[in-house]
Amino acid sequence: MPGTPAGTPPATLHCDPDLTLRAGTSRRRFLSWAGLVTGLAFTPGLLGGAPPAATSPAHSAGVFSLGVASGDPLPDGVVLWTRLVRNPFARLGGMGSRPVRVEWEIAADESMTRVVRRGAAHATAEWGHSIHIDVRGLAPAADYFYRFRALGEISPVGRTRTAPAPHARVGALSIAVASCQNWADGYYHAFADMAAHAPDLVLHLGDYIYEKPIPGDARRGAARPVSAAREAVGLDDYRERYALYKTDPDLQQAHAVSPFVISFDDHEVDNNWAATIPEDKTSLSEFAVRRAGALRAWWENTPVRTTARPDGTFIRAHRRLTFGDLAEINLLDTRSHRSDQVNGDNDCPQNARTADPSRTILGPRQERWLLDGLASSRVRWDVLAQQVPMADLARGESRAVSMDGWSGYESSRRRILDGAAHRGVRNLVSLAGDIHRSVVADLRTDYVDASPTRGVELATTSITSGGDGEDSDGSDRLLKAASPHVRFGNSQRGYLLNRIQHDRWEAEFRVAPSVRSPRGSLRRRAVVTIPDATAAVDVGQSAP
């Protein structure tokens with residue numbers, strides 16, 4: 001992507017309130033899918049055999065009370081997920097130690113009459129009675145519907161969608177981006193809104209759970225495991241924390257409507273961990289045991305392939321998904337292979353330690369994998385989907401930046417951004433989370449000397465983490481004052497909804513006035529338009 005041309009006018013702002021459904025589906029079609037989840041979840045005769053006993057749907061105490069999900073779509077396949085529990089807050093979910101046979105089927109129609117694939121697998125105690133079915137032989141760019149049966153019960157119905165065929169001409173793609181969903185900080189209104197928009201894909205960039213103790217006054221009246229009162233450290237703690245989050249009906253609905261592509265950040269394990277190094281003074285051997293359990297629980301509770309299943313502390317979580325000729329998503333792992341944070345992991349100005357060329361946020365192998373992929377890419381939009389921001393988000397006269405993001409790994413950032421430019425990448429977009437605020441910024445290798453713009457970063461705010469925000473808080477104002485490359489900022493909760501076409505990328509920032517109340521809604525706060533092959537970004541905003 002070339003640098004900003006001389007004389008480029010500033011981003012234009014205009015009010016454009018919009019509370020309607022825009023992407024991925026009509027209201028009628030979404031209501032039809034929602035009806036499937038609640039109305040067809042226990043249709044008699046599924047997969048043959050005697051009809052199941054009458055049971056309440058997705059949020060009952062049945063074995064499918066954690067819902068269903070799909071993920072990592074390919075042109076010919078997708079991963080189907082569920083996890084069996086009798087008591088989500090008991091050891092092994094109350095399922096005991098015996099394997100359980102689980103039948104599954106996937107159909108081309110909402111009524112589940114045109115079944116195209118079916119099979120069975122065993123849910124074992126070893127992997128928390130989770131099921132990961134890697135279905136292949138499907139048609140590209142097609143909607144499918146799926147469900148499971150076990151122990152005489154039938155799951156809710158989920159909808160998923162395969163990726164387009166390789167090199168196929170793709171007219172449009174809708175992608176929602178989510179991050180940081182601390183259960184204790186509020187309700188998941190963003191996921192309800194996301195499900196209503198039914199995007200083709202949801203990118204979840206980390207902090208799916210939080211390991212810290214949950215205050216007793218959070219979500220008053222909600223059931224929770226005993227382990228919620230302490231920090232998650234052991235495998236059972238992490239399993240119960242995921243079960244708590246997954247009992248949320250809005251999160252279940254979002255999973256049931258769209259395929260997810262999920263990574264992890266720090267709180268799935270330990271705040272600001274770096275490869276083998278914990279946040280606190282825990283010994284490396286103790287942290288290795290903790291990390292192995294945390295990563296195991298992450299895999300058990302996410303719709304990812306067995307290629308991402310951890311072997312102890314080893315995990316290969318970075319992966320690449322291509323959507324015809326339109327977009328290629330490079331999902332990065334900025335936790336497992338990084339050098340330790342410098343300068344005490346405190347926000348501070350950059351210095352010789354942040355510029356050290358020996359330090360890396362991706363690790364040498366992942367850096368090579370990323371650059372090789374960018375070199376061979378033939379799509380219109382090359383995407384870096386990652387946990388932490390790549391742009392410098394400086395605050396104050398000293399230009400203090402976070403040591404946990406790419407700002408603390410300047411040489412690593414330079415290698416990737418310059419490498420992308422040298423490989424002819426025309427449209428580079430970084431999607432990031434972690435920072436609990438919405439930010440749009442230029443991607444550069446050097447923000448002091450104003451090096452050429454290499455791309456655009458769209459950082460999504462948190463789903464709930466941080467609690468109720470405001471349109472512009474003190475940090476947002478300091479950020480904009482010290483970082484002229486920041487085009488937009490907002491400090492409310494919500495998510496990012498992207499509509500991608502060949503000639504433009506539209507990013508809609510959807511925000512919630514409040515997440516503290518059990519009832520709530522979202523609205524459009526701004527739409528950022530990135531034209532093809534330019535760095536000129538237009539920001540259209542609704543009134544605060």
Side-chain angles (χ1 to χ4, degrees), residues 34 37-38 41-42 55-71 81-95 123 128-131 147-148 150-151 153-158 178 180-195 202 204 207-230 232 235-258 260 262 267-268 297-303 463-465 515-520:
V37 172
T38 58
F42 297 92
T55 313
S56 58
H59 312 304
S60 71
V63 294
F64 297 107
S65 61
L66 300 186
V68 300
S70 68
W81 173 93
T82 193
R83 179 183 161 207
L84 307 182
V85 295
R86 288 196 183 279
N87 177 354
F89 305 148
R91 187 175 184 277
L92 292 177
M95 295 298 299
H129 292 96
S130 62
I131 288 289
R147 54 188 173 184
F148 301 88
L151 300 173
E153 297 183 33
I154 297 177
S155 77
V157 173
C180 303
Q181 56 189 54
N182 194 336
W183 184 92
D185 281 355
Y187 293 87
Y188 292 159
H189 307 317
F191 282 122
D193 188 86
M194 193 183 297
V202 176
H204 198 295
D207 292 348
Y208 194 100
I209 64 165
Y210 278 68
E211 83 287 15
K212 301 301 183 185
I214 296 176
D217 60 352
R219 296 204 188 189
R220 289 187 181 276
R224 67 188 72 191
V226 173
S227 62
R230 61 178 182 267
L235 174 58
D236 288 341
D237 296 341
Y238 287 108
R239 283 173 169 169
E240 290 171 9
R241 200 63 56 92
Y242 278 101
L244 173 63
Y245 280 55
K246 284 183 169 294
T247 54
D248 185 275
D250 292 329
L251 177 58
Q252 286 195 18
Q253 188 67 60
H255 272 298
V257 168
S258 300
F260 274 54
I262 302 181
H267 288 290
E268 287 88 349
W298 172 80
W299 186 82
E300 291 173 354
N301 288 278
T302 52
I463 297 289
T464 55
S465 299
V515 293
R516 297 291 191 188
S517 169
R519 296 182 179 274

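Between His204 and Phe191, the angle of the ring planes stays under 30°, which puts this pair in the parallel group of the 30/60° scheme. Note: His255 and Tyr208 have tilted aromatic rings, judged against thresholds of 30 and 60 degrees for the angle between ring planes.
When all heavy atoms of Ala232 and Tyr238 are compared, the closest pair comes out as O-OH, 3.2 Å. Nearest heavy-atom pair, Ile214 versus Ala184, reported as atom, atom and distance to 0.1 Å: CG2-CB, 3.9 Å. Annotation for Val68 and Pro156: closest pair CG1-O, 3.9 Å, computed over non-hydrogen atoms. When all heavy atoms of Leu244 and Ala223 are compared, the pair lying nearest together is CD1-O, 3.5 Å. Looking at every heavy atom in both residues, Asp185 comes nearest to Ser465 through OD2-CA, 3.5 Å.
With sequence neighbours excluded, no residue satisfies ring pair (Phe, Tyr, Trp, His ring centres under 6.0 Å) with Tyr187. The salt bridge (charged side-chain N to carboxylate O under 4.0 Å, His left out) test applied to Arg91 returns Asp236, not counting sequence neighbours. Applying the salt bridge (charged side-chain N to carboxylate O under 4.0 Å, His left out) test to Arg224 and every residue at least two apart in sequence or in another chain returns nothing. The ring pair (Phe, Tyr, Trp, His ring centres under 6.0 Å) check on His189 picks up nothing, with sequence neighbours excluded. Applying the salt bridge (charged side-chain N to carboxylate O under 4.0 Å, His left out) test to Glu300 and every residue at least two apart in sequence or in another chain returns Arg239, Arg296. For Tyr210, the ring pair (Phe, Tyr, Trp, His ring centres under 6.0 Å) test picks out His267, with sequence neighbours left out.
The closest donor-acceptor contact from the side chain of Arg219 to the backbone of Trp183 lies under 3.5 Å. In this structure, the side chain of Ser155 engages the main chain of Phe148 through a donor-acceptor pair within 3.5 Å. Between the Thr82 side chain and the Gly67 main chain, a donor and an acceptor come within less than 3.5 Å of each other. Checking side-chain atoms of Tyr188 against main-chain N and O of Gln181 turns up a donor-acceptor pair under 3.5 Å.
Within the 4.5 Å cutoff, the side chain of Val63 has no heavy atoms near those of the Val85 side chain.
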